[in-house]
Amino acid sequence: MSGAVLETSASLDAVDYDPIHHLNQLFLHPSALSSINGVSKTLTNHHNALSSKINELELEQAYRPDSSLERMQTAQAELAQVFRKIEHVRSRAAETEDNITSMTADIKSLDGTKRNLTVSMTALKRLQMLTTAYEQLRALSKTRQYRECAGLLQAVIQLMKHFNSYRSIEQIATLSRGVSELQRELLEQVCEDFEMAFTQAEVASRRGMLVEACLVMDALGDTAKSRLMSWYVNTQLREYRQVFRGNDEAGNLDNIGRRYAWFKRMMKTHEDEHAVIFPPHWRANETLAVAFCDGTRDDFKGILERSMRRTDGSKLDVNLLLSCLQETLDFEQTLEKRFSNEPRASIDTLSSAEERSQSFNGLISVAFEPYLSLWVDAQDKQLGALIPKYRNSPLIAPDEEFSPQAVIPSAIELFHFYKLTLSQCAKLSTSERLLELSRILAKYLDEYAQQVLLHVLQAGGQQGPSVQDAVLVLNTADFWHINTNQLEENIKKRIDDDLVSKVDLSSQSDAFLGVASASVLALVRLVELDCEGVWREMKNMNWSAMEGAGDQSSYAGELERRVNSKAEEILGVVSKQQYARAFCDNLVDHLATDYINGIVQCRPISEGGAEQMLVDKYALTKAFTNLLSYHNPSPAPYTPPSGFVRRVEQSMNRMDPLLKTLQVRPSPPEGLVQAYLIHIGDRSDTNFKKILDLKGVRKQDCGHLIELFGIHRDSSSNEKLVQSSPLMTPLLTASGLGSASITSINSTATALNAAANTRFDATSLGEKLLSAARDIGTGSTAAAPSGLEKATINENLRNFGKFFKRDIGGLGARFGKRDESEDRQR
C-alpha cells in the first residue's frame, strides 16, 4: 500500500492529472476500501509538505537581495530621474526660443517697415494715375471723344476700387464724389446724344459716335446699359403700342398677322440701320424680340379676357382662336430658329432685370393656354361625331380584299386623328390642357371598343359574326391594345413632370384586350355552332343498352372532323401565335364542357355506356392536341407543344370522375357509394342524386342508396370531403335539362364573377359575356347603352382584358421556354 501511495504522490504532479481516474486505480476492488484511512493520511501529509515548501519559497523571495520589492523601488527611482531630465530639456527649449525671438525682433520690424513703405508708394502711384486719368476723362467727355473716354473710364473705375477703404480721408472722399459725378454726367450725355440722333433722324451721320458711346455705357456697367436699351426698345415699340393698343380694330385677333408683319419690318430696320451701333454681346435684336413678345402676350391676355366677358352672348370663335394660335406658334418657332444658334447670355429686358435665357417657345402662346379648353371641347365634339360614323362604316374598303393581318379602316383613321391632335396640343400646351385631351382620347377609346368593335361581334345575331369579321375585330383590338400603351408613353414624354402620374390609359388597353378575348370567344362559338348536330347524334344513341366499350363512336369521329375543319379555316386567318393558342385553349375548354353537357343529356347511361364515353373521350383528347398544327402549317412532322398537351388533358380529364363513377354498378350499393366518394369526393346529397338520375336507378332503390351515402359520408374516414363538387354542382338533370345549356362562358368568366351558367351568345356579348349580371335581350341592333351601362361594360371589359392578359402572358412565357423541336413547330 505504501508503494501505491508513493505512485499516487508522483502522479499528483502530472499536468493532465485526473482525480477520478486516479481514485479508480487506487480502489479497483472492494477489498481496497480498507486502505481509505491510509490513503487519506498520506494525502494530508503530502498537502502539508507542499504548504510548508510554498511558505519557505515566499520568505526566500521576499528577503533575498534581488527581491521583487527592491526591483520595483529601483524602477521608481529611475522613472523620477527621467522626468527631471525631460523638465530640464523643456526649460532649455523655452529659453532658446526667447533668445531667437529677441534676435529676430529687429528683422521683423524692418520687414514691416519695408512692407508699409511699398504699400504707400503703390498707393501714391495709383492716386497719381487716378488723378491724371480723372482730369483727362473730364476733358475728353466735354469733346465727346467716347472711344478714349471708354478706356479711361474703365481705368478710373478700376483704380477707384483700390481707395474704397480710404474714403475717411477728406481728399479721397472728394475725389470719389468727383468720379461718381463724372460717371453720371457721361451717362446723361450719352443718353442725350442717342435721343438727339434718333429724334432728328441723324443716326446714319452720327453712327460712329454712337458706336463709341456704347463703349462708354459698357464701361459704366449693366445699369447704364439697361437704361439705354430700355430707352431704345421703348422708342422702337412706341408706334406698335400706339397702333395696336389704342385701336380696337387693329388690336383684334383678326389682325394678329399685322402685328407679326410690323415686327418683321421693325427688325429689318434694326438690322439695316441700328444693329451695328450696339455691341454684339448686348444682343439688342433678341432684347427687342423678347420685349415685343412680352407686350404682345399681355395684349392677347386682355383681348381674350374681354372676349370671354362679352355680354352680347357671342362666344369666342374656336377656329379663329386656333388660327391665331397656330400663327403665333409659327412666329415663335421662327424666332427660336433665328436666335437658337447664338450663344445665350444675360439679357436685360423691360419686363425683368434678371437673366433671360429661356427660349421663345410659348413666350406669346402661353396667353392662349387658359382658353384651350375650347379647343379640347371642339375635339370632343368632333370625336363624338366620328364614332357613329365608324359604327356604320364597312369593315373592309370596297376596293380591298380580306387579309389575315387587316385592321378595320376606321381604326387607322382614328389613330391618325389621335396622332395629329396630340401633336397639335403638345405644341399648344404641355400642362392641364394636354391632360384634358388625354382624358378625352381615353373616353373615345372606350367608345370605340364598345360601340364599334363590340357592335360588330353582336351584329351577327344568334349565329354570331363571320370568321372574317371576328378576325378583323381581333386584329383591330390588338392594334389598339399596342398603340394605346404607346399613346400613353407618348403623352407622358410631352406632358409636364408633375402631371405624368395622372396620365393612365392602362384601363383602355385592358378593354381592347377584353375585346380581343371576346373575338376569340366568338370564333370558338362558330365552331360550337357547327358541332351542334354532333351533340344531337350523341344524345340519340341508346347509352342505356350498351354492355361494353368498342371502337370510337361515330359521333366522336364526326365531332373530330368538324372541329378540325372549322379550326383549320379559323387558324388559317389568325395571324398572331398568342391568339391562335388562346383560340385553341378556349375551344378545348368549351368542347369539354359541351361533352359534359352531352353526358347529362344522354341519361340513363349504363356502365358499358360510360366505358364507351371514356373511350371516345380518349380519342378526342388525342385529336385535340393537334389543333395548333393548323396555324402556320409546315410540311415537317408536327409535335404539339407540351404546354398545350397538358392544357388539353386537363380540360378533357374534368369528366373522368363523372364517367368513372357511372361505370360502377349500383349493386352492391356500397360499391357505388364508395366510387362516388373516391371520384366525386363531396358531401352533397343533391349531387349524389344526380349520379343516380344519370344511371337511371329506380326511385324505390334510391332511398337505400342515399341513406347508405349519408352513413359513409359522415364516417370519420371521409373527413376530407368537400362540401360540393365543382363538376357536379352546375349540372341540371331531370328538372332543368331540357331548357338550359350548361356551357360556362370560359375560364375567364370565373375571374369576372360571371356565374351565370349560359352558353356564349354573341347577340348579347356586350352584357352577358362581360357583365353576366343582367340581360338586355337578344336583339342584334340594340340601342346604345346608357351611361351607367357603359360604365359597367367598360369595367367588365377591363377586367376581362386583365384576365386575358395574364392568360396570354403566361402563354408567352411558356412559348419562351419551349425546346428546339417546339420552336421549329411554332
Side-chain angles (χ1 to χ4, degrees), residues 535 538-550 553 555-556 592-618 651-744 755 757:
W535 303 122
M538 177 184 179
K539 180 181 178 182
N540 292 332
M541 294 176 64
N542 189 2
W543 295 97
S544 63
M546 291 187 183
E547 297 181 355
S553 302
Y555 81 90
T593 305
D594 289 342
Y595 196 91
I596 295 174
N597 294 332
I599 293 173
V600 175
Q601 295 180 25
C602 292
R603 59 176 294 275
I605 303 172
S606 67
E607 293 76 18
E611 186 178 355
Q612 180 63 47
M613 287 182 177
L614 272 175
V615 172
D616 298 338
K617 190 271 297 186
Y618 291 138
S651 297
M652 296 299 291
N653 289 343
R654 285 190 293 135
M655 63 195 74
D656 284 0
L658 175 61
L659 292 177
K660 290 179 179 179
T661 305
L662 293 177
Q663 279 185 290
V664 180
R665 298 179 180 276
S667 178
E670 287 83 356
L672 178 60
V673 171
Q674 288 297 335
Y676 180 91
L677 295 175
I678 292 172
H679 298 302
I680 304 299
D682 73 3
R683 299 174 173 274
S684 173
D685 290 337
T686 303
N687 290 342
F688 183 69
K689 292 177 182 178
K690 292 177 182 178
I691 291 292
L692 300 180
D693 188 23
L694 291 176
K695 291 183 66 65
V697 178
R698 295 177 302 173
K699 290 185 178 180
Q700 55 268 31
D701 297 332
C702 290
H704 176 62
L705 286 168
I706 294 173
E707 181 180 357
L708 189 61
F709 170 73
I711 295 173
H712 284 275
R713 175 195 61 194
D714 298 334
S715 66
S716 59
S717 60
N718 293 316
E719 293 179 353
K720 295 183 179 180
L721 297 177
V722 299
Q723 195 62 34
S724 183
S725 168
L727 171 66
M728 296 297 299
T729 301
L731 297 183
L732 301 178
T733 54
S735 60
L737 180 63
S739 61
S741 173
I742 317 302
T743 305
S744 61
N757 296 313

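Numbering of residues begins at 1 and proceeds along the displayed sequence. Predicted model, so just to flag it, every value in this text is computed and none were measured.
A 4.5 Å side-chain heavy-atom check between Glu607 and Lys695 finds at least one atom pair inside the cut-off. Between Gln601 and Met538 there is no side-chain heavy-atom pair separated by less than 4.5 Å. Using a 4.5 Å heavy-atom cutoff, the side chains of Leu731 and Ile599 are not in contact.
For Ser667, there are no side chain to side chain donor-acceptor pair (under 3.5 Å) partners at least two apart in sequence or on another chain. Scored by the side-chain contact (heavy atoms from CB on, under 4.5 Å) test, Ala675 finds Val664, His679 as partners (sequence neighbours excluded). Every residue meeting the side chain to side chain donor-acceptor pair (under 3.5 Å) condition with Arg654, not counting sequence neighbours, appears here in chain and number order: Thr593. Taking the side chain to side chain donor-acceptor pair (under 3.5 Å) definition, one finds that Glu670 meets it with nothing, sequence neighbours left out. Residues that satisfy the side-chain contact (heavy atoms from CB on, under 4.5 Å) test with Pro669, not counting sequence neighbours, are His704, Leu705, Leu708. Remark: Asn542 pairs with Ser544 by the side chain to side chain donor-acceptor pair (under 3.5 Å) rule, at least two apart or across chains. Gln663 meets the side-chain contact (heavy atoms from CB on, under 4.5 Å) test with Ala610, Glu611, Leu614, Lys660; sequence neighbours excluded. When the side-chain contact (heavy atoms from CB on, under 4.5 Å) test is applied to Ser553, the partners found at least two apart in sequence or on another chain are Met541, Trp543, Tyr555, Gln612, Asp616.
Of the possible donor and acceptor atoms, one in the side chain of Ser606 sits under 3.5 Å from a partner among the backbone N and O of Met546. The backbone N or O of Met728 lies less than 3.5 Å from a partner atom in the side chain of Lys690, making a donor-acceptor pair.
For Asp682 against Phe709, the heavy-atom pair with the smallest separation is O-CZ, 3.8 Å. Minimum interatomic distance between Trp535 and Asp594 (heavy atoms only, all atoms of both residues): CZ2-CB, 3.5 Å. When all heavy atoms are compared, the tightest approach of Pro657 to Leu727 is CB-CD2, 4.3 Å. The two residues Arg683 and Leu721 make their nearest non-hydrogen contact at NE-O, 3.5 Å. Annotation for Ser725 and Ile680: closest pair CB-CG2, 3.7 Å, computed over non-hydrogen atoms. Nearest heavy-atom pair, Lys539 versus Cys602, reported as atom, atom and distance to 0.1 Å: CA-SG, 3.7 Å.
Taken from CG in Leu658 to CG in Asn687, the straight-line distance is 10.5 Å, to the nearest 0.5 Å. Between Thr661 atom OG1 and Gln674 atom CD the span is 12.0 Å, to the nearest 0.5 Å. One distance of note links CG of Asn597 with CE of Met655; it measures 10.0 Å at 0.5 Å rounding. Once rounded to the nearest 0.5 Å, the distance linking CZ of Arg713 with CD1 of Ile706 reads 10.5 Å. In this structure, CD1 in Ile691 is found 12.5 Å from OG1 in Thr686, a value given to the nearest 0.5 Å. In this structure, Arg603 CZ and Leu662 CG are separated by 12.0 Å, a value rounded to the nearest 0.5 Å.
Here salt bridge (Lys or Arg N to Asp or Glu O under 4.0 Å) pairs that include residues 697-708, with residues two or more places apart or in two chains, are Arg698-Asp701. Applying the ring pair (Phe, Tyr, Trp, His ring centres under 6.0 Å) test to pairs two or more places apart or on separate chains, none has a residue in residues 651-673.
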Could you go through the side-chain contact (heavy atoms from CB on, under 4.5 Å) check for Leu659 and Ile605 one step at a time? CA-CA 10 Å; Leu659 292 177; Ile605 303 172; 5.9 Å; no

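In the displayed structure, Gln700 atom CD is contacted under 6.0 Å by more than 12 heavy atoms of other residues, nucleotides or ligands.
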